[in-house]
Colleague: 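Please see the structure below; I have some questions.
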Amino acid sequence: MVHKNHPFHLVDQSPWPLLGSMSLFSMMMGLVKWFHLHESNLMLLSFITNLMIMYQWWRDVVRESTHQGLHTLKVTLGLRWGMILFITSEVFFFLAFFWAFFHASLTPSIELGMNWPPKEINPFNPLEIPLLNTMILLSSGISISWSHHAIMENNYMQSSQSLALTVILGFIFTLLQGFEYLEAPFTISDSVYGSTFFMTTGLHGLHVIIGSTFLTVCFMRLYLNHFSSNHHFGFEAAAWYWHFVDVVWLFLYISIYWWGS
């Protein structure tokens, strides 16, 4: 046994960073092959290997934090700052797309007919599916907060029920947005309106799917009693991410669906 005299966690040697980077590079090459040669075999294979590596890497992290007890208060503080900086980078990621939208909408060029929305573009009614999706996401923000407080109070029943409700609401949101895309009267190639609309809402939809997956994993960990009232940062990180998704949707609904239409 090697006794350490510091509170930090020095991770064991792991194959996942190297294999993950190789798989990501292979996936990028697969995307290039798919775009230019219309062959998706390499991309699909890389995607499957990527999922396998992600699963095993996060499995190791869960083991370190839950079963081996290696995530001390100092390590958890580092994880918190890592999640805060990650969400900050995501904020600036979305800021770029909002910037593009407002640049095009506040001063529409002559190619757009100096109108916004451009001529022949029929935008969505913001009082129909977009408003319903807004209520769904706001409700999911309430239910995830309820689950968090239930965990801090050691109320297993309420925490699991409210977390399951949050996952279901996220799934319903994704279904409704998919239906909205199928019924859209314009496409991503219809001027700058279509490109900014589908890029921004599509990336947000992708974040909802990622967040729903994150919360589903947390639900499984909650079922396995991985969380306690004072040691549940994995759940907190998922809740922070979900609140971020909620706030982005509010800005998106107000600016693109309501003001932009």
Colleague: Can you spot which of Val167, Ile168, Leu169, Ile172 makes a side-chain contact (heavy atoms from CB on, under 4.5 Å) with Ser140?
Modeller: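 Only one of Val167, Ile168, Leu169, Ile172 forms a side-chain contact (heavy atoms from CB on, under 4.5 Å) with Ser140, namely Leu169.
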
Colleague: Given Phe186 and Phe124, is the ring pair (Phe, Tyr, Trp, His ring centres under 6.0 Å) satisfied, shown in steps?
Modeller: CA-CA 10 Å; Phe186 56 91; Phe124 289 103; 5.7 Å; yes

Colleague: Are Val208 and Ile136 connected into the same hydrophobic cluster when the rule is that any two of I, L, V, M, F, W, Y join if their side-chain heavy atoms are below 4.5 Å apart?
Modeller: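 Yes, because Ile136 and Val208 connect within a single hydrophobic cluster, where side-chain heavy atoms sit under 4.5 Å apart.
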
Colleague: Please report the closest heavy-atom contact between Arg221 and Gly234, naming both atoms and the distance.
Modeller: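 Smallest heavy-atom distance, with atoms named: NH1-CA, 4.3 Å.
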
Colleague: Other residues, nucleotides and ligands only: do more than 12 of their heavy atoms fall within 6.0 Å of CE on Met22?
Modeller: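 It does not: Met22 CE has 12 such atoms or fewer within range.
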
Colleague: Do the two ring centres, one from Phe102 and one from Trp259, sit under 6.0 Å apart?
Modeller: yes

Colleague: Do Trp99 and Phe92 have ring centroids that are under 6.0 Å from one another?
Modeller: no

Colleague: Measure the shortest side-chain to side-chain distance between Ser143 and Thr166 over non-hydrogen atoms and say whether it is less than 4.5 angstrom.
Modeller: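 Side-chain contact under 4.5 Å: yes.
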
Colleague: If we ignore hydrogens and angles and just use 3.5 Å, is the side chain of Tyr241 paired with the main-chain N or O of Leu215 as donor and acceptor?
Modeller: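 The answer is no, because no donor-acceptor pair under 3.5 Å joins these two groups.
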
Colleague: When rounded to the nearest 0.5 angstrom, what distance separates CG in Leu79 from CZ in Phe86?
Modeller: 13.5 Å

Colleague: Would you check, one step at a time, whether the test side-chain contact (heavy atoms from CB on, under 4.5 Å) holds for His149 with Ser162?
Modeller: CA-CA 10 Å; His149 285 279; Ser162 52; over 6 Å; no

Colleague: Are more than 12 heavy atoms, taken from residues, nucleotides or ligands other than Tyr223, located less than 6.0 Å from that residue's OH atom?
Modeller: no

Colleague: Please verify the inter-ring angle class for Phe235 with His148; under 30° counts as parallel, over 60° as perpendicular, anything in between as tilted.
Modeller: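 Plane angle between 30° and 60°, so tilted.
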
Colleague: Under a 4.5 Å cut-off applied to non-hydrogen side-chain atoms, are Met43 and Lys33 in contact?
Modeller: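 Not in contact.
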
Colleague: Is the ring pair Phe93/Phe97 parallel, tilted or perpendicular, if the boundaries are 30 and 60 degrees?
Modeller: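 Plane angle over 60°, so perpendicular.
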
Colleague: Please find the pair of heavy atoms, one from Val192 and one from Thr196, that lie closest to each other, and give the distance.
Modeller: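 Shortest heavy-atom contact: O-OG1, 2.7 Å.
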
Colleague: Can Phe98 and Leu252 be said to form a side-chain contact (heavy atoms from CB on, under 4.5 Å), step by step?
Modeller: CA-CA 8 Å; Phe98 280 110; Leu252 200 150; 4.0 Å; yes

Colleague: side-chain contact (heavy atoms from CB on, under 4.5 Å) between Leu137 and Leu250: does it pass, once the steps are laid out?
Modeller: CA-CA 9 Å; Leu137 269 193; Leu250 282 177; over 6 Å; no

Colleague: How long is the straight-line distance from CD of Gln161 back to CG of Leu165, given to the nearest 0.5 Å?
Modeller: 9.5 Å

Colleague: How long is the straight-line distance from OG1 of Thr216 back to CZ of Phe219, given to the nearest 0.5 Å?
Modeller: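 It is 9.0 Å, given to the nearest 0.5 Å.
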
Colleague: Quick check for you: to the nearest 0.5 Å, what is the distance between Leu176 atom CG and Leu132 atom CG?
Modeller: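 If we round to the nearest 0.5 Å, Leu176:CG and Leu132:CG are 5.5 Å apart.
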
Colleague: Is there side-chain contact between Ser159 and Leu222, with at least one heavy-atom pair below 4.5 Å?
Modeller: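 Counting from C-beta outward, Ser159 and Leu222 do come under 4.5 Å.
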
Colleague: Crowded around Glu120 CD? As in, over 12 foreign heavy atoms under 6.0 Å?
Modeller: no

Colleague: Checking the side chain of Asp60 only, and the main-chain atoms of Trp57 only, is there a donor and an acceptor separated by less than 3.5 Å?
Modeller: no

Colleague: Out of curiosity, does Ile254 fall in the hydrophobic cluster containing Leu203 (side-chain heavy atoms, cut-off under 4.5 Å, transitive links)?
Modeller: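 Same hydrophobic cluster.
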
Colleague: Any sub-3.5 Å donor-acceptor pair from Ser23's side-chain atoms to Gly20's backbone N or O?
Modeller: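 Answer holds: no.
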
Colleague: Is there a path from Val62 to Trp16 through hydrophobic residues (I, L, V, M, F, W, Y) whose side chains come within less than 4.5 Å of each other?
Modeller: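 Different clusters.
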
Colleague: Measure across Gly205 and Gln177 and return the closest heavy-atom pair with its distance rounded to 0.1 Å.
Modeller: CA-OE1, 3.4 Å

Colleague: Do Leu131 and Ile129 belong together in a cluster built from hydrophobic side chains that touch within less than 4.5 Å?
Modeller: yes

Colleague: Is the shortest heavy-atom distance from the side chain of Met29 to the side chain of Ser46 under 4.5 Å?
Modeller: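 No, side chains not in contact.
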
Colleague: Walk me through it: do Phe197 and Phe101 pass the test ring pair (Phe, Tyr, Trp, His ring centres under 6.0 Å)?
Modeller: CA-CA 8 Å; Phe197 176 87; Phe101 174 79; 9.0 Å; no

Colleague: Give a yes or no on whether Trp146 atom CH2 has more than 12 heavy-atom contacts from other residues, nucleotides or ligands under 6.0 Å away.
Modeller: yes

Colleague: Is the Phe173 to His204 ring centre distance short of 6.0 Å?
Modeller: yes

Colleague: Rounded at 0.5 Å granularity, tell me how far OG1 in Thr66 sits from CG in Leu224.
Modeller: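 Nearest 0.5 Å value for the OG1-CG distance: 9.5 Å.
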
Colleague: Any link between Trp249 and Met135 through a network of hydrophobic side chains (Ile, Leu, Val, Met, Phe, Trp, Tyr) touching at under 4.5 Å?
Modeller: no

Colleague: Are His231 and His226 an aromatic pair, judged by ring center distance below 6.0 Å?
Modeller: no

Colleague: With no hydrogens and no angle check, do the side chains of Tyr181 and Thr201 hold a donor and an acceptor under 3.5 Å apart?
Modeller: yes

Colleague: How about Trp242 and Ser212: do any of their side-chain heavy atoms sit closer than 4.5 Å?
Modeller: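 With C-beta onward as the side chain, the pair touches.
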
Colleague: Please say whether more than 12 non-hydrogen atoms of neighbouring residues, nucleotides or ligands are located less than 6.0 Å from CH2 in Trp240.
Modeller: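 Correct, the count exceeds 12.
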
Colleague: Hey, does the side chain of Ser147 reach the backbone of Ile144 with a donor-acceptor pair shorter than 3.5 angstrom?
Modeller: no

Colleague: Check Phe244 against Glu90 and note the closest heavy-atom contact, atom names and distance.
Modeller: CZ-CB, 3.4 Å

Colleague: Which of parallel (below 30°), tilted (30 to 60°) and perpendicular (above 60°) describes Tyr193 and Trp116?
Modeller: tilted

Colleague: Can you tell me if CZ on Phe47 sees more than 12 non-hydrogen neighbours from other groups inside 6.0 Å?
Modeller: no

Colleague: First locate atom SG of Cys218, then atom CG of Leu163, and finally report the distance between them rounded to the nearest 0.5 Å.
Modeller: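 Rounded to the nearest 0.5 Å, the SG-CG separation comes out at 6.5 Å.
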
Colleague: For Met52, I'd like to know if atom CE has over 12 heavy atoms of other residues, nucleotides or ligands within 6.0 Å.
Modeller: no

Colleague: Taking the side chain as everything from C-beta on, heavy atoms only, tell me whether Val75 gets closer than 4.5 Å to Leu70.
Modeller: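 Of all side-chain heavy-atom pairs linking Leu70 with Val75, none is under 4.5 Å.
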
Colleague: Does Met83 reach the side chain of Glu236, with side-chain heavy atoms less than 4.5 Å apart?
Modeller: no

Colleague: Report, as yes or no, whether the 6.0 Å neighbourhood of atom CZ on Phe179 holds more than 12 heavy atoms from other residues, nucleotides or ligands.
Modeller: no

